[in-house]
Amino acid sequence: MEAPRIPRPWPLGPRGVLLAGLVSAAVGAHLYLGLSWADLVPRGTGAQVCGDFFAAALRPAWTYEADFVPPGSAPFLLRLGEALLRTIVFASVGMTLALGMAVPLGFLASDAWWEDTRGGEDSRTGRGRLVQGLVRAVMAGMRSIHELLWALLFLAAFGLNTFSAVAALALPFGGTLAKVFAELIDETGGESSAALRAAGGGGLALFLFGRLPGALADMASYAFYRFECAIRSSAILGFFGYPTLGYYLHRSFENLHYREVWTYLYALALLVLALEAWSAALRRRFVA
Amino acid sequence: MNPEQRRREVQRLHRSRPRSALLRWSGIALGALALFSLVSGEVAFSEARDPRRWSNLRRFLSEEALPRALAEPGAGWIDGWNWGARLWRERGAEALGATLSISLVAMGMAALLGSFLALASARSLMRPDPLIQGEPQSAGWWPRVGRAVRWLCTLLRAIPEYVWAFLLLSMWGATAWPAIVALALHNAGILGRLGAETIEDTPPRELRALRMLGANRRGLAVFGLWPGALTRYALFVFYRFETCVREATVLGLLGISSLGYWVQDARARQHYDDMLLFIGLGALLVLGADVASLLLRRWVRRAG
Amino acid sequence: MSRPPAGFQLEGVGLTLGGSAVLEGVELSIAAGDVLAVIGPSGAGKTSLLRLLNRTVRPSLGTVSMDGRDLASLDGPGLRRTRSEVGFVHQEHCLVPNLRVVQNVLAGRLGRFGLWGALRRLVWPGSLELEAVHALLERVGIADKLFERTSSLSGGERQRVALARALFQEPRALVADEPVAALDPARSRSIIELLGRVAREEGLTLVCGMHDLTLAREYFPRCVGLRQGRVVFDGPTAQIASASFEDLYRLEEREESSD
């Protein structure tokens, strides 16, 4: 018989060792990059930008900062509202397309799909395995390229247009969602679907009613979290010329209108905060 | 029960079935948002049918995206190989190293900063009697500090890395620092929140049991909180590492020397073949980080 | 439900799972309308034996037949039809927790609905189906839980839903695999009592795996004792000596303590 293991008196376990590994890797990387901590003190114009910018943090703008505003331009807060709305619209179209791709891909990538639709015993047939592998490879390709790089690719291939922007959002988000969906579906125990198979169920109906309901709450919760990420990414797409929040933020910063920049930053933070509160309320409801 | 009675009973049960207004209205609101967004005209789906776009795409795929070295008359696959190898030697290898290093340093900083934020924002710690949790006393100023730190975390993670990097770039110039600090700030905000939730989820009963054995606060922290919370925190850190590498790649687009820098450089010179090569390198790096983080997390979970 | 009850015949059945023998040389004849308990300690092979009856598992040796037809020969639609004729009540976790009770009961006929039928009935059940489910739930004593979320029910209530689902299949036999293993004694008794009563009223064959000797002797006219994959006794409960029942467990305990 094996003697009971005496716990180490050292509070760091293997995980602590791993964290220590991360720290040493970080130090090594630091040396590799030749970073100098002195550079963290801004100098010259940088110092001035830094001072002005953070001084503006407590005084966000409510109107345009510029002395001259071209006649006919919308009031600042209205433009802010428009920018926020477009940010949300781009994000939700991107998410809708992403979900449209992620649901079938995630199903096909899960083991549960093949188990349920191919009837338990001989579930992992050669063809099923091949399709599953292919789907997983496509998903990996979709999510391994960042949405901004997809945006650049589409810019190069299609030119600047709004469809490219949402497609650039949809591809990596679809890949990530599909991967997590497949994992969540496989994590639900197969007991209830096995019981329904024992009752004569099979095929798609078995998957949809025996398996999917167990994962649906987590899938919805994760999709909501990704929507929050999509809002952030949609805002950044503005840096490439799309009319979302990033576009105006970028322009205000270039024009040294730091108080406007802070208004945009706070607006984005409030939007994200509101979404977080909403999703937290939903999660509590799901869990209860 | 006759059929009529049964029908009425079923209807009564259906009317009084448990359901959540929040869930239903959230579903309706999200559906309406999706529908509105699709038909608002902000996104020009008609663009996808524009023949000019498709001829652009055809040209891009058939000419611009192919390595120039292969387009020259009499070129063989060896020229393509040489082209790739040259780019890798001259720029790719170094940029890959820089991207990885940036995310490692950033992750280290974020883990450190995030753990402080987590400790300073956990509701179960930010009170006059942390870890002991006796009868509620006068709250004092601890909860207020905790709330302020939670707000800070929200602000940190609500602002995307890309925006942080863009803002910091103008202050520090084109060193690696803006990218590192941007990644560290955003991820510290996320890790701070996740860490605080982990601490709050530590069952108070265990802590109380240790307390009854006569442990002091330091003992409580080391034996009650540290072992469980640390594993979870480490898992979060490795989980974020994957995302961090992804983001570090694109921060280069701003002019910081990661892979993104060479993507942007190739794009500016309209060398789309080079651009695709660097994007591919980035994708490989992300996939590598993905696998590494998966393996590490599995190892931590098994060991811890 | 006018369909005749099903009978089963197990001849020389052996089952090997993962290299170890789970069942050996099992001869068992279950006539149509029989009510019997399969008893034995955990690990004796009860679950596997019951699973053979709707061909969730296939025997490695010998044949399992239902009404004289070898189950091994079935596949595709025929297999599904046969399975739907055997109502199975599992130990636990056999319901879909996130669905409502009515949907769980309706899912009993999943195999007969086809995809679109299943979609329609489970998302917008018709009033006739709702009333049929309500009537079944009334029989098992939880009619007022029709639209509850299954996850909010107690263990005993869930087993009643599982029984209602099995009945909704319009089965010719009921097979229950330790249906009360997760319940307290009082609830166990009422569930076993309910099972027996329903089987009697419907004239169904009932095979129930369990390890509670008292309940088995009280409610089942026939008992099959199973130990280490072998049938050690089989006959009318009244004719089986108490000593054989107790041996079933005593031997096992001695073996357990020796390893």
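The chains referred to below are lettered A, B, ... by the order of the sequence lines, with proteins before strands, and numbering in each begins at 1.
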Heavy-atom distances under 4.5 Å only: say whether A:Y264 touches chain B with side chain, backbone, both or neither.
neither
Tell me, side chain or backbone of A:V27 under 4.5 Å from chain B's heavy atoms, or both, or neither?
neither
Structural part of B:R52 lying under 4.5 Å from a heavy atom of chain A
neither
Assess the residue pair B:H186 and B:T243 against the criterion (side-chain contact (heavy atoms from CB on, under 4.5 Å)); give the C-alpha distance rounded to whole Å, side-chain angles, the decisive distance to 0.1 Å, and a yes or no.
CA-CA 11 Å; B:H186 180 79; B:T243 335; over 6 Å; no
Quick one: does B:M171's side chain get under 4.5 Å of A:F54's, heavy atoms only?
yes
Heavy-atom contact with chain B under 4.5 Å, split by part of A:L153
both
Side chain from CB out, backbone as N, CA, C, O: work out which of these in B:S170 comes under 4.5 Å of a heavy atom of chain A, or both, or neither.
both
Turns out that what part of A:E82 lies under 4.5 Å from chain B's heavy atoms comes down to neither
Please look at B:L235 and chain A and tell me whether the side chain, the backbone, both or neither of the residue comes under 4.5 angstrom of a heavy atom of that chain.
neither
Contact part of B:R267 toward chain A, heavy-atom cut-off under 4.5 Å: side chain, backbone, both or neither?
side chain
Angle class for the A:Y258/A:F253 ring planes (parallel below 30°, perpendicular above 60°, tilted otherwise)?
tilted
With side chain to side chain contact (heavy atoms under 4.5 Å, CB included) as the test, pick out the partner of B:E161 among B:L185, B:V250, B:L183.
B:L183
For chain B, which residues of residues 265-277 of chain A have at least one non-hydrogen atom nearer than 4.5 Å to it?
A:L265, A:Y266, A:L268, A:A269, A:V272, A:L273, A:E276
Tell me which of these, B:G173, B:G97, B:S40, B:A176, has more heavy-atom pairs under 4.5 Å with chain A than the rest.
B:G97
Interchain contact, A:Y32 with chain B, by part (heavy-atom threshold 4.5 Å):
side chain
Looking only at B:Y162, B:Y272, B:W54, B:W151, the option with the highest number of non-hydrogen pairs under 4.5 Å against chain A is B:Y162
Options B:A34, B:G282, B:G108, B:S26, ranked by heavy-atom pairs under 4.5 Å with chain A, top entry:
B:S26
At a heavy-atom separation under 4.5 Å, does B:Q264 approach chain A through its side chain, its backbone, both, or neither?
side chain
Go through B:V263, B:L253, B:T249 and name the one with the most non-hydrogen pairs under 4.5 angstrom from chain A.
B:L253
Checking A:F154 against chain B: side chain, backbone, both or neither under 4.5 Å from a heavy atom?
neither
Okay, A:V23 and chain B: the region with an atom under 4.5 Å from a heavy atom over there is neither
First locate atom CE of B:M107, then atom CZ of B:F241, and finally report the distance between them rounded to the nearest 0.5 Å.
8.0 Å
How are the rings of B:F166 and A:H250 set relative to one another: parallel (under 30°), tilted (30 to 60°) or perpendicular (over 60°)?
tilted
Side chain, backbone, both or neither of B:V245 within contact of chain A (heavy atoms, under 4.5 Å):
neither
Taking side chain to side chain contact (heavy atoms under 4.5 Å, CB included) as the criterion, tell me which of A:I88, A:V89, A:V93 meets it with B:L33.
A:I88
Residue pair B:T175 / A:L35, side-chain heavy-atom distance below 4.5 Å:
no
Test salt bridge (Lys or Arg N to Asp or Glu O under 4.0 Å) on B:R240 and B:E247; report intermediate values, then the result.
CA-CA 11 Å; B:R240 289 306 300 176; B:E247 297 292 333; over 6 Å; no
Is it the side chain or the backbone of B:L285 that comes within 4.5 Å of chain A heavy atoms, both, or neither?
neither
Go through A:L249, A:I236, A:T96 and name the one with the most non-hydrogen pairs under 4.5 angstrom from chain B.
A:I236
So which part of A:R86 gets closer than 4.5 Å to some heavy atom of chain B, the side chain, the backbone, both or neither?
side chain
Please state whether the side chain, the backbone, both or neither of B:F36 comes within less than 4.5 Å of a heavy atom of chain A.
side chain
Measure B:R193 against the heavy atoms of chain A and call it side chain, backbone, both or neither at under 4.5 Å.
side chain
Which atoms of B:T154 are under 4.5 Å from chain A, going by heavy atoms: the side chain, the backbone, both sets, or neither?
side chain
